[in-house]
Amino acid sequence: MWPALRLVRRQLSTAAPRGLVYEKHGEPSQVLRLKNIEVPSPTNYEVRVKMLAAPINPSDLNMVQGTYALLPQLPAVGGNEGVGVVAEVANHVSSVRPGDWVIPADAGLGTWCTEGLFSEEALVRVPSDISVVGAATLSVNPCTAYRLLSDYETLRPGDTVIQNASNSSVGQAVIQIAASLGITTINVVRDRPNLQSLVERLRDLGADHVITEEQLRKPEMKDLFKNYPRPRLALNCVGGKSTTEMLRHLDYGGTMVTYGGMAKQPVTIPVSALIFKNVKLCGFWVTQWKKDRYQNREEITKMIRDLCDLIRRGKLLPPPCTEWPLEDFSHALRDAQTPFLSRKQILLM
């Protein structure tokens, strides 16, 4: 999956392809180095891509740290997501051509670079009439949100979904996609000094209700369901007590999907919820979902097409971002790991 990475042992030049390389696992600020990399001309089914922009996601940092479920052979270029423009294609490539915009179809390609050499099947073409940031942040979090809302319950206009980590990039995408479908969202966030500002921002995206984890635990929560049906779907990215409290409000026979564990605490499920409420518990990892469809791209292509259509219509906005030149990657890494900053860090190539 990962193309062999060859470091060029010469003085760093702005003309040479460059990438954020790590030769061992560890804290990203300590092991990532901006180095010249060799990007040969493509052969057979290969595509040379000039990267435009790439975000820093938590999974990217976990991969560098060596704690992620999927790890590349070292040395490796960091980054799993981004957008680039096709610069050159080999003679057998048929799905893309020079000038096309492309995003990764899978994880682990190494997108924190100015240029890369990728296999044709590892790329998905996207339209160039959406924003660079919108395209660069498309292949992980919006895809996760799309699948969470599509694959576990048959949701109709007027149905309700509850989620925690609602301010995350996935959470914001869930709010917007659900709003476009007429689905009510109950969005749980952590308390913070600028809470009201966050509430207003999520409501601007289409959130129907924004509550804190403390409010989720209060008896008054039951009053909310006098006007709205109980959720058929609960989306968990936190774990611990937050999960248990959301589960209390799930409708009979509803589904809770766990796609992250920010609290690094176990998911605790009362036995009564399983016996008397017949709830279903599932896990989701978008990387595995894409791997399972690697040879049959129809579902992936449709998903990307639907998401791009939402972006064009102004129904799906990228998360608030701060853009950094690749040379300033250390500042971007710092801010990407700062709690409550609530901004996606984007590397511009």
Within the 4.5 Å heavy-atom criterion, are Y68 and H25 side-chain neighbours or not? no
Less than 4.5 Å apart, any side-chain heavy atom of R190 and any of N167? no
Nearest atoms (heavy-atom pairs only) where I311 meets G134: CD1-O, 4.3 Å
Roughly how far, to the nearest 0.5 Å, is the CG atom of N141 from the CG atom of L307? 11.5 Å
Using modelled atom types and a 3.5 Å cut-off, is there a donor and acceptor pairing between side-chain atoms of D60 and backbone atoms of N57? yes
Is Y152 reachable from L181 through a run of hydrophobic residues whose side-chain heavy atoms are each under 4.5 Å from the next? yes
What I want to find out is whether D204 reaches R201 closely enough, with some N-O distance under 4.0 Å, to be called a salt bridge. no
Answer with yes or no whether the hydrophobic clustering places V85 together with L326; edges join I, L, V, M, F, W, Y residues whose side-chain heavy atoms lie under 4.5 Å apart. no
Aromatic plane relationship, H209 with Y228 - under 30° parallel, 30 to 60° tilted, over 60° perpendicular: perpendicular
When you compare the side chain of V161 with that of L148, does any pair of heavy atoms fall below 4.5 Å? no
At what distance, to the nearest 0.5 angstrom, does CD of E23 lie from CG of L32? 11.0 Å
Spatial distance of atom CD1 (I183) from atom CZ (R156) [nearest 0.5 Å]: 10.5 Å
Go through the steps for N187 and T185 under the test side-chain hydrogen bond (donor to acceptor under 3.5 Å, both in side chains), then give the verdict. CA-CA 6 Å; N187 303 280; T185 55; 3.1 Å; yes
Would you say E46's side chain and T43's backbone share a donor-acceptor pair under 3.5 angstrom? yes
At their closest point, which heavy atom of N80 faces which heavy atom of T111, and how far apart are they? N-OG1, 3.4 Å
Should the heavy atoms of other residues, nucleotides or ligands under 6.0 Å from NZ of K315 be counted, would the total exceed 12? no
Between T268 and T243, is there a side-chain heavy-atom distance shorter than 4.5 Å? no
side-chain contact (heavy atoms from CB on, under 4.5 Å) with Q163: which of V174, L233, V188, I186? V174
Hey, what do you get for CD (Q30) to OG (S330), rounding to the nearest 0.5 Å? 13.0 Å
Would Y294 and E121 count as a side chain to side chain contact (heavy atoms under 4.5 Å, CB included) here? Give the steps. CA-CA 8 Å; Y294 207 61; E121 65 181 6; 3.5 Å; yes
Nearest heavy-atom pair of S180 and I177: which atoms, and what distance? OG-O, 2.6 Å
Is any side-chain heavy atom of I211 closer than 4.5 Å to a side-chain heavy atom of M221? yes
Assess the side chains of E298 and T301: does a donor N or O sit below 3.5 Å from an acceptor N or O? no
Is the backbone of G253 close enough, under 3.5 Å, to the side chain of K280 for a donor and an acceptor to pair up by distance? yes
What do the steps show when you test W285 against K291 for side chain to side chain contact (heavy atoms under 4.5 Å, CB included), and what is the final call? CA-CA 10 Å; W285 185 28; K291 282 181 179 298; 5.5 Å; no
Take a 6.0 Å sphere around CZ of R125 and say whether it holds more than 12 heavy atoms from other residues, nucleotides or ligands. no
Using a 3.5 Å distance criterion without hydrogens, assess whether the side chain of D100 forms a donor-acceptor pair with backbone atoms of R97. yes
Between the side chains of E245 and R248, is the shortest nitrogen-to-carboxylate-oxygen separation below 4.0 Å, so that they form an ion pair? yes
What verdict does the salt bridge (Lys or Arg N to Asp or Glu O under 4.0 Å) test give for K302 and D306, after you've listed the backbone C-alpha separation in whole Å, the side-chain angles of each residue and the deciding distance to 0.1 Å? CA-CA 6 Å; K302 180 184 183 302; D306 290 348; 2.6 Å; yes
Does the Q176 side chain pair with the main chain of L317, one donor and one acceptor, at a distance under 3.5 Å? yes
In this structure, OG of S139 is separated from NZ of K290 (nearest 0.5 Å) by 4.5 Å
Please determine if R343 and D335 form a salt bridge, counting it only when a charged side-chain N lies under 4.0 Å from a carboxylate O. no
Walk me through whether V189 and L202 qualify under side chain to side chain contact (heavy atoms under 4.5 Å, CB included). CA-CA 10 Å; V189 298; L202 295 183; 3.9 Å; yes
Nearest heavy atoms of I56 and A332, plus distance in Å: CD1-CB, 3.7 Å
Just wondering, do P40 and L117 contact through their side chains at under 4.5 Å, heavy atoms? yes
Side chain proximity check, V279 to M256, heavy atoms < 4.5 angstrom: no
With a 3.5 Å distance limit and no angle check, can you tell me whether W112 reaches the backbone of P55 through a side-chain donor-acceptor pair? yes
Any donor and acceptor pair, going by atom type alone, linking the side chain of Q288 with main-chain N or O of F284 inside 3.5 Å? no
Going hydrophobic residue to hydrophobic residue with side-chain gaps under 4.5 angstrom, can you get from V140 over to V133? no
Once rounded to the nearest 0.5 Å, what's the spacing between atom OG1 of T258 and atom CD1 of I269? 7.0 Å
Common cluster, I300/Y259, ILVMFWY with side-chain heavy-atom separation under 4.5 Å: yes
Working note: K344 + E81, criterion salt bridge (Lys or Arg N to Asp or Glu O under 4.0 Å); need CA distance, chi angles, decisive distance, verdict. CA-CA 12 Å; K344 181 70 69 179; E81 189 178 31; 5.9 Å; no
With hydrophobic residues grouped by side-chain heavy-atom distances under 4.5 Å, do M51 and V39 end up in a single group? yes
With R18 as partner, the option from E38, E115, E327 fulfilling salt bridge (Lys or Arg N to Asp or Glu O under 4.0 Å) is E327
Where do L281 and L274 land on the side chain to side chain contact (heavy atoms under 4.5 Å, CB included) test, with the steps shown first? CA-CA 9 Å; L281 306 176; L274 297 172; 4.1 Å; yes
Is a side-chain N or O of S197 found less than 3.5 angstrom from the main chain of N194, in a donor-acceptor match? no
Exactly one of V83, V47, V124, V96 should register a side-chain contact (heavy atoms from CB on, under 4.5 Å) with V102. Which one does? V96
Please report the closest heavy-atom contact between C143 and L138, naming both atoms and the distance. SG-O, 3.4 Å
Is there a side-chain contact between R297 and S95, using heavy atoms and a 4.5 Å cut-off? no
Nearest non-hydrogen partners of A53 and V132, listed with the distance: CB-CG1, 3.7 Å
